[in-house]
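As the structure is a computational prediction, the values presented were derived from the model and not from experiment. Numbers here are sequence positions counted from 1.
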Amino acid sequence: MKTIFKAAALVLAPMTAMALTSVPAAAQSKTGIAVVDLQRAVATSSAYSTARTQIQTTYKAQIDGFTARKNAIDADLKAKGTALEAAMKAAGGKPTPAIQTQYEAYQKAGQDGQAELQRLGQPIALANAYVEEQISAKLSDALKSAMTKAKVDLILSPDATVSYQPTVDITQSVVAELNALVPSVGITPPSGWQPGRQGQAAAAPAAAPANPSQQPASR
């Protein structure tokens, strides 16, 4: 999710700075200013919370397989690292062809393990990204509606502020608007779907099947 909001944060900060410096002091005093954490708004929406629970159930086999393999890879790398340290200590810290070979094997094991885990985790990562993208598609509308209701003219991200009172944070209001606009989302991306490609979401159902026989029960 961090990737989705990084660009928004980069755009928001300079626009905010420009608005504050270009508006006369008298006008600034009449401007309604609020703070919104867009990432937290999506992550605490009802659709996201429900989808995360569904993913834990639907993709349980993949998640368990990923976790087990990660633990095995971590244990193997730890053992290889310990053996490498022992070999270097025995050689008095002096590099030798044998130690170089051992080090290269350790590096390769780490790279191979990372590639394997990325492959194993891809279905889960895609499901998460698909959920986030469906909700984020309505984020702008939710933000505008929350701004109108709170009579806010200017929005700051938390990172763009030094300090602020909790009363100016309207993140929860954005969450409420998201809950109304996106009550539920699907968790299974269409075949060939990739994050960030416009128009893909329309090809998939807007929500997970309501029939319990078609959708695994949530935990």
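V175 and L181 fall into different hydrophobic clusters, where Ile, Leu, Val, Met, Phe, Trp and Tyr are joined by side-chain heavy atoms under 4.5 Å apart, directly or via other members. The hydrophobic clustering, which links ILVMFWY residues whose side-chain heavy atoms are closer than 4.5 Å, places Y48 and L143 together.
Residue L120 holds its CG atom at 12.5 Å from CD1 of I63, rounded to the nearest 0.5 Å. The distance from atom CD of E104 to atom OG1 of T101, rounded to the nearest 0.5 Å, is 6.0 Å. The CD atom of Q172 sits 5.5 Å away from atom OG1 of T44, with the distance rounded to the nearest 0.5 Å. Expressed to the nearest 0.5 Å, how far CG of D159 lies from CD of Q39 amounts to 9.5 Å. Note that NZ of K80 and CD of Q107 are 13.5 Å apart. Values are rounded to the nearest 0.5 Å. A distance of 10.5 Å separates CD in Q102 from CD in E85, rounded to the nearest 0.5 Å.
Between I73 and L117, some side-chain heavy-atom pair lies under the 4.5 Å cut-off. Residues Y164 and P158 form a side-chain contact, since some pair of their non-hydrogen atoms from C-beta on lies under 4.5 Å apart. Between R119 and F66, the closest side-chain pair of non-hydrogen atoms is not below 4.5 Å. The closest side-chain heavy-atom distance from V42 to L38 is not below 4.5 Å. In this structure, the side chains of L84 and Y103 come closer than 4.5 Å at one or more pairs of heavy atoms. Residues V174 and L139 form a side-chain contact, since some pair of their non-hydrogen atoms from C-beta on lies under 4.5 Å apart. Within the 4.5 Å cutoff, no side-chain heavy atoms of L178 are placed close to those of S46.
Of all heavy-atom pairs between L126 and P195, the closest is CD2-CD, 3.8 Å. Residue V185 comes nearest to A51 through the heavy atom pair CG2-CB, 4.0 Å, listed as atom of the first residue, atom of the second, then distance. Listed here is the closest heavy atom pair of G186 and V131: O-CG2, 3.6 Å. A pairwise comparison of heavy atoms in L77 and G110 identifies CD2-N, 3.5 Å as the closest pair. Here the shortest heavy-atom pairing between I99 and K94 reads CD1-O, 3.8 Å. Across every non-hydrogen atom of T171 and D37, the tightest pair is OG1-N, 2.9 Å.
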Show the numbers, then the answer: is there a side chain to side chain contact (heavy atoms under 4.5 Å, CB included) between T188 and Y59? CA-CA 10 Å; T188 304; Y59 292 86; 4.0 Å; yes
Verdict with reasoning, I55 to N128, per side chain to side chain contact (heavy atoms under 4.5 Å, CB included): CA-CA 8 Å; I55 287 173; N128 283 323; 3.3 Å; yes
I would like to know whether L156 and V168 meet side chain to side chain contact (heavy atoms under 4.5 Å, CB included); could you show each step before the answer? CA-CA 10 Å; L156 298 174; V168 304; over 6 Å; no
Steps toward salt bridge (Lys or Arg N to Asp or Glu O under 4.0 Å) verdict (D169, R40): CA-CA 12 Å; D169 188 337; R40 178 159 60 89; 3.0 Å; yes
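Heavy-atom neighbours of Q114 CD from other residues, nucleotides or ligands within 6.0 Å: at or below the threshold of 12.
At least one donor-acceptor pair under 3.5 Å links the side chain of T58 to the backbone N or O of Q54. Q122 places no side-chain N or O within donor-acceptor distance of the main-chain N or O of Q118, the cut-off being under 3.5 Å. D76 places no side-chain N or O within donor-acceptor distance of the main-chain N or O of A72, the cut-off being under 3.5 Å. Judged purely by atom type and a 3.5 angstrom limit, Q62 has no side-chain atom pairing as donor or acceptor with the backbone of P123. Checking side-chain atoms of N179 against main-chain N and O of S45 turns up no donor-acceptor pair under 3.5 Å.
Ion pairing between K149 and E177 holds under the 4.0 Å rule for side-chain N and carboxylate O. Using a cutoff of 4.0 Å between basic side-chain nitrogens and carboxylate oxygens, K70 and D74 are scored as salt-bridged.
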